[in-house]
Amino acid sequence: MMHEFFSNLESGLSKAIDAGEASPRKIYARELARLGTRLYGGNGGVAWCGITAPFDLLNAMGVTSCFVEFVGAMLASTGVVGSFIEETDHMGYSSDACSYHRAVMGASRKGMVPEPAFLVGTTNPCSGGLAVIENLARRFGKRQYVLHIPQDQSGGNVRFLAEQLRDLSAFVAAHTGAPLDPDALRRAVSNTNEARALMAEAYEFAKAVPSPVATKDLANYGIVMALFLGTDAAVDIARAFRDEFAKRVADTKSGVPNEKVRLLWIQNRIQFKNGIDDILAREYGASVVIDELNDITWDAIDPDEPFEGIARRSISIPFNGSIANRVAHLKKLAREYRVHGAVNPCNWGCRQGTGARGLIEEGLKEIGVPVLNLEVDCIDSRKFTEGQFRTRIEAFMEMLAGRPSPWS
Amino acid sequence: MYFLGIDIGSLSCDAVLIDDDENVIASSVVPTGARNRESIARVSAEVLRDAGVDRGAVRATVSTGYGRDRVDDRLASVTEITCHARGIAKLVPGTRLLVDIGGQDSKAILMARDGRVVDFAMNDKCAAGTGRFLEAMARALQVDIDEMGPLAAGAEGRQTISSMCTVFAESEVVSLIADGTPVNEIVHGINRSIAARVAGMVKRIAPDHGALPAAMSGGVARNCGVVAALRGALGCEVAVPALPDTVGALGAALIARERCAAGAAAV
Ligand code: SF4
């Protein structure tokens with residue numbers, strides 16, 4: 001069923017793209033559909049992973065890999081997530097746990113998570129993800145490798161993680177029967193670096209006032225692109241976005257007509273249909289021009305020291321380390337993108353979302369950027385009340401309309 | 001010319017009619033009921049009848065409240081946060097901190113001196129600390145919600161209601177009654193529970209709220225027990241206008257007038 005869903009999606013998107021209706025978002029979605037087709041293709045060789053797994057390394061080794069949270073997001077976006085989440089009530093999951101994880105565990109109980117060849121857990125960004133990996137490893141009777149990701153970028157920490165990545169490549173080789181080919185890794189690193197540079201350029205264009213970015217354009221982009229790193233597809237997608245934004249900027253075409261309000265989105269987007277893009281654009285001329293996770297926080301990887309470079313990247317994600325680092329990063333984005341306000345969905349059950357929210361709010365307020373704290377389950381649409389959500393968003397927009405811009 | 005504000009809340013539907021000089025000509029409150037549009041028609045007809053004003057003399061209508069998009073022929077719909085702030089700035093000038101406890105939402109609103117919203121916080125996830133919570137507690141106590149206010153009089157404050165969840169709190173109240181706990185102590189505990197929830201929101205947006213002139217709006221502000229508990233929780237005076245239910249509708253009417261003055265096309 002899932003294989004059919006993804007292959008239909010892929011062929012539909014390919015048809016549209018071939019018929020001259022290509023857009024960066026379609027090219028990106030097609031690649032996701034292709035990944036889904038491979039994951040659910042029944043050919044084995046799949047690795048379920050944590051969010052900060054080294055996907056370029058795994059791609060270089062020919063492994064179809066994906067973070068488990070993808071399943072939750074996918075089920076939410078197709079509107080069928082409820083019954084999968086309910087399923088985890090029988091597994092000892094608390095109803096307050098992160099629904100990304102509850103959804104994937106429910107899906108595994110219903111046979112909707114393909115059996116992996118092995119699993120790669122990561123201790124970052126959250127222990128919930130690691131618990132899913134461990135649960136799945138037990139369920140399928142497969143081995144897992146856990147990457148212990150240190151919290152800051154000291155030389156010792158980078159070496160510690162790089163050593164684990166070398167070890168991981170041996171672990172993967174033991175499963176695939178094919179050792180890591182240094183040339184394949186070199187090509188993957190080159191693709192990663194090229195995609196990185198193109199993404200950085202696209203983000204530079206996104207900073208323009210008015211911004212070429214509409215709320216939907218870069219939803220989930222940074223986090224999902226990690227899955228394609230090391231591949232030609234990553235370069236193609238990144239180039240498509242870069243070219244599109246360059247063109248829009250050259251044509252002075254903004255993402256939303258008559259842009260009035262620029263927003264920063266903190267952490268994850270809401271994955272089910274919710275109408276926020278429409279409310280923002282149509283009623284307030286507002287657009288989410290930057291997401292916390294749409295930023296390049298790492299240097300290009302030295303092809304002669306790939307493991308060290310990948311290690312630095314994994315450590316650099318904004319959720320790692322102290323909340324002070326995270327707040328500093330958000331302030332940097334708010335300044336660079338000249339945002340008027342920020343939206344923090346505070347995903348239910350997520351320590352990243354809720355634990356830090358007071359400090360984030362305070363930090364952004366210091367530079368004149370107010371924060372709308374929602375309490376949304378980004379996956380479970382059954383907990384969503386449209387009226388309440390609308391009132392909060394609209395009141396925030398009305399409040400912003402009555403304030404001077406922090407950048408004037 | 002007249003300007004109409006209509007506030008469609010989950011419990012009541014309120015309308016206020018003002019004239020060009022911002023004088024309140026008439027106001028009306030009806031229960032919202034299951035059919036929003038009927039309540040809107042009723043409250044509009046009532047307020048116009050009481051004012052003796054023809055519909056054609058109404059230059060613009062602004063709607064607010066959770067049913068704000070159901071008002072036809074409106075100039076605009078504006079959230080209750082903005083409208084309550086605007087309304088209270090007219091009724092209690094100088095207010096900087098407003099607590100509005102409505103049927104299913106409670107809000108703490110930090111305002112600039114001119115009535116603009118500077119920040120706000122709302123209850124999330126559940127109805128604890130809202131009018132619905134109070135309604136459920138009144139049901140458990142078998143008293144009329146409008147008579148609940150004075151019932152806390154004379155309480156020593158011995159009783160707390162520890163459950164945040166409306167359903168569990170209701171059972172807690174039932175158990176307290178069964179145990180023979182005096183009604184005034186139970187009601188006092190309920191009021192404190194609501195006040196603590198709302199004070200938490202106030203502290204989030206205004207940690208140094210003590211020096212800010214505070215006021216309360218919304219139907220629950222008619223409950224003197226909750227107001228007293230809120231004063232206690234915030235440690236400051238809390239002003240309550242004469243008709244707290246209609247503050248949002250008044251704000252909507254004032255916004256209708258302002259927008260017309262600013263040149264918006266009236267409908
Ligand atoms: S939302 Fe939070 S708990 Fe859920 S996967 Fe993301 S970081 Fe982990």
Side-chain angles (χ1 to χ4, degrees), chain A residues 95-96 99 270 275 278-280 282-284 340-350 353-354 356-362 364-366 368-378 380 382-404 406, chain B residues 7-10 36 62-70 76-86 89 98 100 102-127 130 132 200-201 203-207 248 251-252 255 258-259 262:
Chain A
S95 58
D96 287 338
S99 293
I270 300 168
D278 231 35
I279 302 174
L280 291 177
R282 195 163 30 86
E283 293 175 30
Y284 300 98
H340 301 102
V343 180
N344 190 354
C346 307
N347 185 41
W348 283 33
C350 172
T354 50
R357 85 175 196 185
L359 293 170
I360 290 173
E361 190 175 355
E362 247 171 60
L364 286 171
K365 257 188 199 163
E366 278 165 20
V369 175
V371 180
L372 173 66
N373 285 311
L374 300 167
E375 286 191 17
V376 188
D377 188 314
C378 294
D380 192 352
R382 298 168 311 165
K383 295 177 188 155
F384 183 70
T385 321
E386 201 203 332
Q388 292 204 341
F389 179 72
R390 261 191 96 102
T391 295
R392 283 156 180 76
I393 298 274
E394 293 186 359
F396 189 62
M397 289 295 134
E398 288 165 7
M399 185 185 98
L400 291 181
R403 291 168 69 100
Chain B
D7 180 356
I8 307 95
S10 61
N36 280 192
V62 163
S63 58
T64 186
Y66 92 98
R68 59 190 176 277
D69 291 339
R70 303 213 176 100
S77 61
V78 177
T79 64
E80 47 272 43
I81 289 97
T82 303
C83 287
H84 275 264
R86 186 65 194 82
L98 175 63
D100 161 36
Q104 57 188 19
D105 278 326
S106 37
K107 303 138 198 125
I109 304 168
L110 184 65
M111 296 160 53
R113 284 179 205 288
D114 59 4
R116 266 183 311 113
V117 175
V118 173
D119 204 353
F120 67 94
M122 292 175 79
N123 64 306
D124 277 298
K125 286 185 184 166
C126 73
T130 68
R132 287 264 184 237
M201 285 190 264
K203 287 169 192 166
R204 238 167 72 195
I205 57 165
I255 290 169
E258 279 162 13
R259 293 207 179 171

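So you know, we letter chains A, B, ... as the sequences are listed, proteins then strands, and number each from 1. Every value quoted in this text rests on a predicted model; they were computed, and no experiment measured them.
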What part of [X] is in contact with chain B, defined as an atom under 4.5 angstrom from a non-hydrogen atom: side chain, backbone, both or neither?
X        : value
A:Lys383 : neither
A:Glu361 : side chain
A:Leu400 : neither

What closest approach, in Å, do [X] and [Y] show between heavy atoms, and which atom pair accounts for it?
X        : Y        : value
B:Asp119 : A:Lys365 : OD2-NZ, 2.9 Å
A:Ala395 : B:Ile81  : CB-CD1, 3.5 Å
A:Glu398 : B:Thr79  : OE1-OG1, 2.5 Å

### Query
Heavy-atom distance under 4.5 Å to chain A: side chain of B:Asp114, backbone, both or neither?
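Looking at B:Asp114, nothing touches chain A.
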### Query
Considering only heavy atoms, which portion of B:Asp105 lies under 4.5 Å from any heavy atom of chain A: side chain, backbone, both, or neither?
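Just the side chain, heavy atoms under 4.5 Å.
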### Task
To the nearest 0.5 angstrom, please state how far the CZ atom of A:Arg392 sits from the CZ atom of B:Phe120.
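Going from the CZ atom of A:Arg392 to the CZ atom of B:Phe120 covers 8.0 Å.
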### Message
With rounding to the nearest 0.5 angstrom, report the CG to CE distance, A:Asn373 to B:Met122.
### Response
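One gets 13.0 Å once the value is rounded to the nearest 0.5 Å.
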### Query
Is it true that B:Arg68 and A:Glu394 have a side-chain N and a carboxylate O under 4.0 angstrom from each other?
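A salt bridge is present here (some side-chain N lies under 4.0 Å from a carboxylate O).
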### Contact check, side chains of B:Val118 and A:Arg403, non-hydrogen atoms, under 4.5 Å
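Answer yes - side chains close enough.
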### Task
Find out whether B:Val117 and A:Phe396 are in side-chain contact, i.e. whether some heavy atom of one side chain is under 4.5 Å from a heavy atom of the other.
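No, every pair of side-chain atoms sits at 4.5 Å or beyond.
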### Query
Between the main-chain N or O of A:Met399 and the side-chain N or O of B:Arg116, is there a donor-acceptor pair closer than 3.5 Å?
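Such a contact is absent between B:Arg116 side chain and A:Met399 backbone.
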### Task
Output all residues satisfying side chain to side chain donor-acceptor pair (under 3.5 Å) with B:Lys203, sequence neighbours left out; order by chain, then residue number.
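Partners of B:Lys203 by the side chain to side chain donor-acceptor pair (under 3.5 Å) criterion come out as none, since no residue qualifies.
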### Query
Counting only heavy atoms not in A:Arg382, do more than 12 fall under 6.0 Å of its CZ?
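Atom CZ in A:Arg382 is crowded, with more than 12 foreign heavy atoms closer than 6.0 Å.
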